[in-house]
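Structure first, then comments.
Scope of the values below: all heavy atoms of this structure, side chains included, with no hydrogens, waters or symmetry mates. FYI, the numbering just counts along the sequence from 1.
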Amino acid sequence: HEMTDTAADATSSNASPPQPRRRRARSKSSSVEIYVHLETDHVIGLVAAGLWRATAAALKPSGALHHVGSWFVHACGTYSDVLPSTSTVETLILGAFPIIPALACAALRDWRKLQYTKELTAFYAHVDPSELVKVRPTAEKLARLGPNAPAAKKKHFQTLARRHGVSPDKVIAEAEASGKPLPPLPERSPATPWVPADGRIQWGILGTADIARKNVVSMRLAKNAECAAIASRTLSKAQKFATDNGGIPKAYGSYDELLADPDIDAVYIPLPTALRKEWVLKAAAAGKHVLAEKPAGSSLAAVEEMISACEQHGVLFMDGVMFMHHTRLNDVRSLLSTGLLGENIPSRVVAAFSFSGDPTFFGSNIRVDEREPLGCLGDLGWYTVRFALWLHEYKLPEKVMMVTHRKSDAGIPTDCSCTLDFGSGKTATFDVSFHQTLRQWVELAGTNATLRIPDFVIPSSTSEATCVVERWGVTEKAITFRREKREVLITKNCNQHACMIEKFSQLVLGDDTKQFKEWSTMTLRTQEVLDALMASAKKDAQWVRLQDTPQ
């Protein structure tokens with residue numbers, strides 16, 4: 001961006017000399033903007049900006065040093081006006097100022113790593129065997145490990161030691177040779193959560209399905225994640241996927257090999273629903289955090305088993321509902337809280353999510369065979385049910401009903417209409433289908449107005465997403481209807497897939513088990529509603545009641 005005085009100022013008889021042109025240099029690692037004057041005798045100011053760009057990342061971890069560095073930015077942006085006689089040497093010195101706190105940050109990090117290594121060595125040398133059985137929830141989460149404690153402790157030790165820059169191999173070998181249990185690491189302070197060496201969660205993907213490709217891109221867009229490995233049932237297929245998708249560093253010829261990689265923190269599992277439980281259980285046992293495709297499982301019992309395993313091993317489980325991470329959803333909640341529709345929770349929710357499959361789709365796609373037993377309800381209805389639960393703050397409906405209009409040759413539902421009754425006159429009605437044109441809209445109807453989201457599952461653009469609030473009236477003698485109000489809410493610049501990966505990685509970095517529980521509860525309640533809907537369909541669309549449980 002360039003800024004110059006206006007022509008009127010430049011030609012005025014009382015005008016001061018034209019100000020120099022400015023260029024704004026923005027650090028990729030910081031929101032701070034630097035304005036450096038481009039004057040002939042101050043070209044060296046560019047060096048100052050370059051030095052800041054190079055050191056902004058080093059300043060970022062320390063809030064205090066960041067504020068000190070901000071003083072430099074202010075001085076660099078205004079020195080030509082305040083100190084018009086500043087010499088080139090003085091400017092260079094000013095530009096070199098941020099190197100001092102940057103070096104301090106680097107030295108502090110090295111000192112902390114050295115101290116941790118010394119403490120760890122001392123801990124192993126002097127640990128009292130009687131202390132080995134004590135539980136340290138923050139470091140090991142042993143309270144829920146049960147009979148799997150030895151293997152889980154070893155895996156967790158490997159992960160924590162690697163994240164602190166300490167090689168665990170020698171200590172583990174000595175512990176195994178002596179026959180003694182592996183001691184826990186010193187407990188980490190909650191105020192200083194661990195951060196991987198490069199500040200990013202290392203992701204692995206189990207399976208090379210097409211749906212995995214979008215999350216490879218999302219992992220690269222996320223600021224705190226990296227796609228580090230891909231696994232398939234054959235090595236050649238994994239290698240081809242890695243090459244075709246920008247060069248994923250590691251490729252494995254089996255899922256077990258990837259889960260055994262100590263460098264992997266989290267896994268994305270896009271495997272078919274009927275196969276997913278086995279690999280979620282194995283991933284949890286390997287200490288990997290799990291992001292799974294939806295529907296989460298074939299049944300509520302399967303999902304409860306998966307989430308229980310993740311809780312036992314202290315890892316996060318989240319289902320891949322992308323729109324939950326779009327900032328538009330927060331905007332909608334804020335808008336509803338104003339009472340614009342007349343009710344904070346509108347009494348009517350109507351939604352549709354569908355696409356029209358061709359003969360090839362119905363002949364070979366896994367969504368219409370036994371690998372996806374919930375059919376269109378699991379593939380599309382998971383989103384509509386989740387939106388209704390989100391609107392009602394995850395309170396379960398009192399009763400549900402589903403009509404199955406069509407099924408595949410394998411008996412899998414492909415066209416359904418559903419109703420959720422939340423009591424007090426509040427309902428959510430939706431249809432999901434593989435037989436109709438593409439639709440993905442939801443409408444909330446209150447007493448004063450309606451709110452409509454035309455693309456609530458996947459926005460038509462990452463640059464902006466909209467929702468529309470409307471109110472209609474009736475003209476005299478009801479000859480016509482007129483629109484009395486129309487407001488469009490626009491949410492800009494949000495890639496919900498990347499936001500999902502960032503949110504997941506942020507939760508892992510924060511190690512907040514309370515939030516782990518919140519996300520698993522969302523999954524459980526969504527699956528519970530789907531199970532009830534399937535039960536209703538089997539009873540020829542009879543109402544099925546749900547017993548709500550405390551959140």
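No side-chain donor-acceptor contact under 3.5 Å links Thr462 and Asn495. Using modelled atom types and a 3.5 Å distance limit, the side chains of Glu464 and Ser461 yield no donor-acceptor pair. In this model, no donor atom of one side chain and acceptor atom of the other lie less than 3.5 Å apart for Gln440 and Tyr383. There is no side-chain donor-acceptor pair under 3.5 Å between Glu311 and Ser308.
Taking the ring centroids of Phe504 and Trp203, they lie under the 6.0 Å cut-off. Taking the six-membered ring for Trp and the full ring otherwise, the centers of Phe430 and Phe353 sit at least 6.0 Å from each other. Between His289 and Tyr268, the distance from one ring center to the other does not fall under 6.0 angstrom. Between His325 and Trp390, the distance separating the two ring centers is not shorter than 6.0 angstrom.
Salt-bridge check for Asp265 with Lys288: failed, with every basic side-chain N at 4.0 Å or more from each acidic carboxylate O. Remark: Asp379 engages Arg367 in a salt bridge, criterion side-chain N to carboxylate O under 4.0 Å.
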Q | His435 vs Phe355, side chain to side chain contact (heavy atoms under 4.5 Å, CB included): CA-CA, chis, key distance, verdict | A | CA-CA 6 Å; His435 297 273; Phe355 64 84; over 6 Å; no
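Judged as a side chain to side chain donor-acceptor pair (under 3.5 Å), and not counting sequence neighbours, Gln506 has no contacts.
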